Amino acid sequence: MSNIESQDQEAYRDSIATVDDRGGRIWIYPKKPSGKYYNLRTWVSWILLGLLVGIPFLKYKGDPLFLFNILERKFILFGVVFTPQDMHLFALAMITLMLFIVLFTVVFGRLFCGWVCPQTIFMEMVFRKIEYWIEGDANQQRKLNNAPWTSKKFLKKTLKHAIFFLIAIAIANVFLSYIIGIDQVKQIVTDPIAMHVGGFVAMLVFSALFYGVFAFFREQVCIAVCPYGRLQGVLLVKNSIVVIYDWIRGEPRGKIRKKKKQDTLTALPIADEPAPLGDCVDCNLCVKVCPTGIDIRHGTQLECVNCTACMDACDEVMVKVGREKGLIRYDSHENIEQGRFKIFTGRVLGYTGVLIALIAIQAFLFSTRSEVETLFLRTPGMLFQEVDDQYVSNLYNYQVVNKRSRPITNIEFRLVTDGGRLKMVGIVQDVEKMSTVKGSLFVEMERDKLEGRKTPIKLEVYSNGELIDDAKTIFMGPIK
Ligand code: SF4
Ligand code: SF4
């Protein structure tokens, strides 16, 4: 534990910067950040926002590149369609993703929160920028909120919230386009409301939700709601790279003192000269810019979203006082305390091994995954029927699942196993893209070709004469 952690432990551990003694909300007015990291994050944010908005418009073979249609249980990742039959692949992909998140966090801390998380990007790079533009920097915002209602205040607040709500509507539309697809969103937007009441209500609810989050709830999402944030306590290790204050260099902190007189004979400081101070000049700028209201000098805290605002602020101060930049920087606790920078710890190597194994399994399952899935199941409750002296028949229910983005037409089943024939019940329908067709058929087998009570048989599925799938099942016959 660092010196600074032990100093103010009681005070900072027992309170939350955004909650007062009576449990009320303390509104955070972070000072407008500026600097190298903020500029870089702004560029990264614009690129990510462009991708977020642009991706729903991208199509592959007529389908969206990504779709997460929970309602209809249709998922598309990089143009690959996942149906309910692929749930094992999807579940494995989720486990792999979870493990990747764990591994990434162990090594790079909350880099994701500061640079990639949509909540941080929208809050800090969109809504907060608009707020600074309309209401000014932190002090002006505080003054405006405490001032009585005047026409100027009314105008500013109305303008800000109107823009906020419009952006929230836009975000809701983007969000919905990942769930139901951009084409359907376009229809909801352009058709009369009566034609899509459900979709319209969903849009309104999401818009209100996003507006509420970005206009009022804000940093509370990261502090109190986000499960990833809550997991930091178990994910971070001493070697994780986080935004951290170098307490060895910074402490003891204190305002810059004027130089005391030196002993004229020895040129040494006079006896009552206080101990030399660290590099932190206790200007509190790192606290003032923090969007979650914390003091990073207390050490790594759950509330820190690694937004880098305090790094920029402190660097600016260090330049002004002529000291080396990086008093608050990306670094690990271990490196500051011990001077040891070690990324590949035993834990990281262990996680990496499991991650590689999972990715390999995933790759194998993907490469062997068929775009058409056919099932033949004997009709429940039926055993076998004796057709005549030569043939025994079984009734099967079949199911053809089409995961392709085009229909399957002119389907034909063929029995591969020797000594049998098929009799269809009705006609086999075409299977539309990403849908399923069900039906029934009889398999009739010659008695002398049966192996006993259970005989394995194989069927093939053709579309326009081309083999698209095959399936194995069991034929039931009389005991020999
Ligand atoms: S402590 Fe620094 S990096 Fe963490 S949230 Fe506050 S300003 Fe951002
Ligand atoms: S900005 Fe830097 S110098 Fe100022 S209080 Fe924070 S850590 Fe100390």
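It should be emphasised that the depicted structure is a prediction, and the values quoted were computed from it without experimental measurement. For the single chain, residues carry numbers from 1 onward in sequence order. Whatever order the structure lists ligands and atoms in, that order sets their numbers, starting from 1.
- With a 4.0 Å heavy-atom cut-off, ligand 1 is reached by the side chain of Ile294 but not by its N, CA, C or O.
- With respect to atom 8 (Fe) of ligand 2, the closest heavy atom belonging to the protein is Cys280 SG, 2.3 Å.
- Between Arg297 and ligand 2 there is a heavy-atom distance shorter than 4.0 Å.
- Comparing heavy-atom distances from atom 7 (S) of ligand 2 across Cys290, Cys314, Cys310 singles out Cys314 as nearest.
- The environment of NZ in Lys32 is sparse: at most 12 heavy-atom neighbours from other residues, nucleotides or ligands sit within 6.0 Å.
- If you check the side chains of Asp315 and Tyr37, you find no donor sitting under 3.5 Å from an acceptor.
- Of the heavy atoms in Asn284, only backbone atoms (N, CA, C, O) come closer than 4.0 Å to ligand 2.
- Looking only at atom types and distance, the side chain of Ser435 has no donor-acceptor partner in the side chain of Asn402 under 3.5 Å away.
- Put simply, no part of Val289 is less than 4.0 Å from ligand 1, judged by heavy atoms.
- Taking 2.8 Å as the threshold, Cys286 does not count as a candidate ligand of atom 8 (Fe) of ligand 2, since none of its N, O or S atoms lies below it.
- In this structure, the ring of Phe66 has its center no less than 6.0 angstrom from the ring center of Tyr178.
- Under 4.0 angstrom from ligand 2, the non-hydrogen atoms of Met318 all belong to its side chain.
- Ranking protein heavy atoms by distance to atom 4 (Fe) of ligand 2, first place goes to Cys283 SG, 2.2 Å.
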